[in-house]
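What you are looking at is a predicted structure, and each value in this text was computed from that prediction instead of being measured. So that the names make sense, note that chain A is the first sequence line, chain B the second, and so on, each numbered from 1.
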Number of protein chains: 4
Amino acid sequence: MSDTPRRRGADRTEAIMRTTLELGQEIGYAKLSIEAVAARAGAGKHTIYRRWPSKGALLLDSLLSLNEAGLDYPDTGDIAADLRVQIHAAVDLLAGPPFGPLFRALIGEAQHEPQVAAALNERFIGPQADKTVARLRAARDQGQLSPQFDLELAMAILSGPLYFQLLITQEPLTHEYVDRILDALFTGIGPTHAS
Amino acid sequence: MSDTPRRRGADRTEAIMRTTLELGQEIGYAKLSIEAVAARAGAGKHTIYRRWPSKGALLLDSLLSLNEAGLDYPDTGDIAADLRVQIHAAVDLLAGPPFGPLFRALIGEAQHEPQVAAALNERFIGPQADKTVARLRAARDQGQLSPQFDLELAMAILSGPLYFQLLITQEPLTHEYVDRILDALFTGIGPTHAS
Amino acid sequence: MSDTPRRRGADRTEAIMRTTLELGQEIGYAKLSIEAVAARAGAGKHTIYRRWPSKGALLLDSLLSLNEAGLDYPDTGDIAADLRVQIHAAVDLLAGPPFGPLFRALIGEAQHEPQVAAALNERFIGPQADKTVARLRAARDQGQLSPQFDLELAMAILSGPLYFQLLITQEPLTHEYVDRILDALFTGIGPTHAS
Amino acid sequence: MSDTPRRRGADRTEAIMRTTLELGQEIGYAKLSIEAVAARAGAGKHTIYRRWPSKGALLLDSLLSLNEAGLDYPDTGDIAADLRVQIHAAVDLLAGPPFGPLFRALIGEAQHEPQVAAALNERFIGPQADKTVARLRAARDQGQLSPQFDLELAMAILSGPLYFQLLITQEPLTHEYVDRILDALFTGIGPTHAS
DNA sequence: GGCTAAGCGAGACGGTACGTCAAGTCTTGCG
DNA sequence: CGCAAGACTTGACGTACCGTCTCGCTTAGCC
């Protein structure tokens with residue numbers, strides 16, 4: 001019933017993550033400081049440090065709070081179409097604002113913070129890989145994929161080119177690009193054996 | 001007449017880059033400071049700022065000075081074998097010390113410094129891609145590759161999985177892993193058409 | 001039935017003051033924090049703030065609890081001897097541990113906390129001055145002191161040199177020093193009139 | 001020729017001390033922070049820490065810069081009159097703004113910073129004591145003082161009561177008070193021997 | 001003897017300042 | 001005149017306490 005209630009726990013956590021995303025979008029992750037997040041969120045610095053051990057950890061949580069549901073896989077029975085739909089959705093998330101730029105920054109951070117790298121894999125990459133593998137396994141059992149196809153490599157082969165475009169060449173990551181990659185992968189590099 | 005003569009120009013440039021690599025290996029790129037490089041190299045900070053606009057630019061130059069020759073492509077006539085050899089060499093460079101850790105850090109830096117990203121593409125990724133495409137084109141003309149194979153995508157498809165392993169999952173990048181990826185790519189994901 | 005029963009009122013007050021003295025001795029008053037006292041005493045910070053408005057007030061109470069009886073004046077009929085005895089006792093208290101260092105710190109605190117200064121005068125300096133003046137008045141009435149002797153100044157003249165030694169020069173405050181001061185004061189600075 | 005020249009060394013030192021005195025007067029020493037001095041002086045914190053190891057050391061230098069000449073002793077041949085004049089001057093300095101409040105704070109600081117105490121004695125108390133003793137010695141040689149008078153105690157006996165009033169009772173330190181003290185000291189406490 | 005009100009420990013919270021570090025700019029004086 | 005040396009302002013770091021606050025638990029005191 002107070003006019004300016006001193007809120008606790010989850011309230012503060014949420015406000016800090018929201019502010020992190022706001023500031024991150026406005027000034028870019030590189031210039032983002034915990035000091036500035038605290039000031040903008042009306043929080044004490046200690047309140048942030050109590051929750052997150054590093055800027056990377058804060059960003060990771062903030063970012064994942066944007067995608068709590070995760071990316072779900074459709075299963076229409078046509079693996080090629082389903083993969084296309086799912087990867088289109090992934091690309092829309094990864095490449096677009098606000099997720100995209102901050103996600104790239106987070107991967108940058110993961111290069112010198114092993115804990116961020118581990119958490120990123122465990123909480124984002126891993127679950128997505130699991131779903132991908134599960135869907136591909138079903139397709140393989142139905143004969144839509146080559147029986148020899150190595151499911152462990154699926155994530156690297158399917159996602160690698162996207163991350164290459166996102167992180168290295170930094171050219172636009174479009175649906176059309178995804179489609180070309182998928183076509184090439186389904187066909188294979190070598191000449192078709194049957195002729 | 002001094003015992004440590006005040007050297008100029010290229011001497012200073014080289015000494016600073018060498019020190020950057022040394023310090024980068026010792027304390028990690030994240031903790032690398034221009035201040036520390038200057039102190040260790042016996043150089044004034046101004047001498048560094050006169051040559052490089054940012055830490056990323058300094059690291060890029062320092063790193064590329066390790067691989068001035070670039071990675072050359074063999075051409076034995078067998079594209080599958082040549083690719084394998086070449087990518088093994090690339091992986092040996094990228095994943096091993098001292099290049100690996102600093103290279104990963106550089107890609108991290110490229111996520112928030114567009115100039116570093118541009119220079120990285122222009123001076124390292126691009127040339128490698130050109131060589132790869134040239135070798136693949138020759139192979140395609142000889143019928144060793146599918147005529148439909150999209151050469152523009154070659155670098156993303158071949159390198160993407162490696163960078164995914166290097167940057168995202170951060171698991172060891174071995175020859176055996178490369179071989180499995182290449183096998184899968186040559187075969188293609190879909191079931192073989194001949195049946 | 002608890003092994004560490006949650007005690008109330010005076011128990012807590014006493015425990016907090018005892019802890020204050022302990023910690024003050026161990027780490028020095030300057031580094032003493034209410035946070036640390038609370039933690040060591042197993043008390044909540046609020047329990048301390050409920051009783052004392054400031055660190056100075058807490059220290060004052062803690063310190064005076066060491067000397068609840070006060071310093072009593074002997075009256076043997078010989079004022080010079082009685083003064084000597086009494087000031088020796090005062091010096092033993094003021095200069096020795098644990099009282100001395102904390103007492104000095106308290107006077108330091110009194111320089112920027114008027115409430116501490118007032119309380120210090122009211123509860124420690126004042127009563128001692130009253131006793132001193134009363135004893136001196138008796139001596140004056142008995143002709144042992146000059147009739148012109150200004151009793152109001154007695155405390156300043158007798159104690160001033162001691163506090164000077166304690167607070168300013170910070171050299172040892174010994175019985176021998178006190179004796180020399182008393183001798184000089186009884187004699188006076190000027191040349192003796194009788195000659 | 002620049003409009004806002006970046007000044008060095010002594011300029012910065014002087015500006016910081018001046019700001020320290022200003023801020024100290026405005027908000028009081030207890031609330032004085034190095035952060036605030038730096039901000040007000042337009043100086044970096046490091047520039048302050050480079051020069052002074054602590055707040056006390058900064059205040060000491062700042063304060064002594066107000067009284068670089070020191071308090072000089074007159075010598076008219078009449079020691080009682082000269083002492084009176086000199087102590088009046090000392091009291092005017094010690095008790096009045098801006099010196100007084102900051103000087104009290106400095107003595108407070110000296111209670112838990114031995115280095116401040118040492119510097120205070122060496123640079124302020126000591127020189128004043130030396131002058132006092134020299135003047136008193138001359139007077140003693142001329143027969144104006146008791147030959148037995150212990151010159152080593154002079155400073156404590158003469159100044160002690162003033163510091164007692166300044167630091168402990170914190171009542172006004174007036175010329176009239178000084179005069180009463182001096183009268184009492186010259187006379188001595190005991191009854192006059194001539195009777 | 002059960003109920004309520006207060007005291008209490010614990011510690012989260014918004015703040016302020018600490019003392020350190022490095023960034024990037026500048027000045028000085030050597031060679 | 002390029003350089004090393006390093007002083008300078010700026011800004012962020014991560015830590016320590018401040019004094020206020022909320023949270024449940026315990027304990028007294030009053031019905």
Side-chain angles (χ1 to χ4, degrees), chain A residues 2 4-9 11-13 15-16 31-39 41-51 53-55, chain B residues 1-2 4-9 11-12 31-39 41-50 52-55, chain C residues 1-2 4-9 11-13 15-16 31-39 41-55, chain D residues 2 4-9 11-13 15-16 31-39 41-51 53-55:
Chain A
S2 155
T4 52
R6 193 68 71 85
R7 292 164 300 173
R8 289 294 180 96
D11 280 343
R12 299 282 74 201
T13 301
I16 290 165
K31 294 182 185 168
L32 190 65
S33 69
I34 289 186
E35 197 115 19
V37 171
K45 284 162 67 176
H46 191 48
T47 303
I48 298 183
Y49 283 110
R50 195 182 294 124
R51 289 167 165 74
S54 69
K55 195 166 73 155
Chain B
M1 210 31 126
S2 154
T4 53
R6 198 71 72 81
R7 291 165 299 173
R8 296 290 177 93
D11 277 346
R12 299 284 75 201
K31 294 182 185 167
L32 190 66
S33 68
I34 289 186
E35 198 110 20
V37 171
K45 286 162 67 177
H46 199 51
T47 304
I48 297 182
Y49 283 111
R50 197 180 294 127
W52 295 278
S54 70
K55 195 165 72 157
Chain C
M1 229 358 153
S2 155
T4 52
R6 196 71 72 82
R7 291 164 302 173
R8 293 294 176 93
D11 278 345
R12 299 284 75 202
T13 301
I16 290 164
K31 293 183 186 168
L32 190 64
S33 69
I34 290 186
E35 198 112 17
V37 171
K45 286 163 64 177
H46 199 51
T47 303
I48 298 182
Y49 282 111
R50 197 181 293 126
R51 289 166 165 75
W52 296 280
S54 69
K55 193 166 73 157
Chain D
S2 154
T4 51
R6 193 67 72 84
R7 290 163 303 174
R8 289 294 179 95
D11 279 344
R12 300 281 75 202
T13 301
I16 290 165
K31 294 181 186 168
L32 191 64
S33 68
I34 290 185
E35 197 113 20
V37 171
K45 285 161 66 176
H46 191 49
T47 303
I48 298 182
Y49 283 111
R50 194 182 295 124
R51 289 168 166 73
S54 70
K55 193 165 73 155

**OP:** With heavy atoms under 4.0 Å as the rule, sort C/A38 into base, sugar-phosphate or nothing.
**Re:** nothing

Subject >> A/T47 side chain near E/dG14 phosphate (N/O to OP1/OP2, under 4.0 Å) >> reply: yes

Subject >> Heavy-atom pair of closest approach, residues B/R12 and B/A41 >> reply: NH1-O, 3.8 Å

Original post:
Rounded to the Å, how far apart are D/E35 CD and E/dA17 P?
Top reply: 7 Å

Original post:
Between atom NE2 of D/H46 and atom CZ of D/R51, what is the distance when rounded to the nearest 0.5 Å?
Top reply: 10.0 Å

Original post:
Going by modelled atom types, is there a donor-acceptor pair between the base of F/dG6 and the side chain of B/K45 at under 3.5 Å?
Top reply: no

Original post:
Which whole-number value in Å describes the distance from B/K31 NZ to E/dA23 P?
Top reply: 15 Å

Original post:
Closer to the 5' end of DNA chain F via nearest nucleotide, is it C/P53 or D/A41?
Top reply: D/A41

Original post:
Partners of B/I48 by side-chain contact (heavy atoms from CB on, under 4.5 Å), sequence neighbours excluded?
Top reply: B/I16, B/I34, B/V37, B/A38, B/W52, B/L58

Subject >> C/D11 CG to E/dC8 P, straight-line distance once rounded to whole Å >> reply: 10 Å

Original post:
Within this structure, what is the CZ-to-C1' distance between D/R12 and F/dT9, rounded to whole angstrom?
Top reply: 9 Å

Original post:
Can you check whether C/R51 has a side-chain N or O nearer than 4.0 Å to OP1 or OP2 of E/dC8?
Top reply: yes

Subject >> Between E/dC13 (C1') and A/H46 (NE2): distance, integer Å >> reply: 9 Å

Original post:
Could you state the NZ-C1' distance from A/K55 to F/dG11, rounded to the nearest angstrom?
Top reply: 13 Å

Original post:
Which nucleotide, E/dG24, E/dC18, F/dT9, lies nearest any side-chain atom of D/A43?
Top reply: F/dT9

Original post:
Reckon A/R50 has a side-chain N or O less than 4.0 Å from the OP1 or OP2 of E/dA12?
Top reply: yes

Original post:
Pick the nucleotide of DNA chain E nearest each of B/I34 and D/A36; which residue has the one closer to the 5' end?
Top reply: D/A36

Subject >> Length of the OH-P vector between C/Y49 and E/dA10, whole Å >> reply: 17 Å

Original post:
What residues form a side-chain contact (heavy atoms from CB on, under 4.5 Å) with B/A36, not counting sequence neighbours?
Top reply: B/L23, B/S33

Original post:
Quick one: B/I48 CD1 to F/dC3 C1', roughly how many Å, whole number?
Top reply: 13 Å

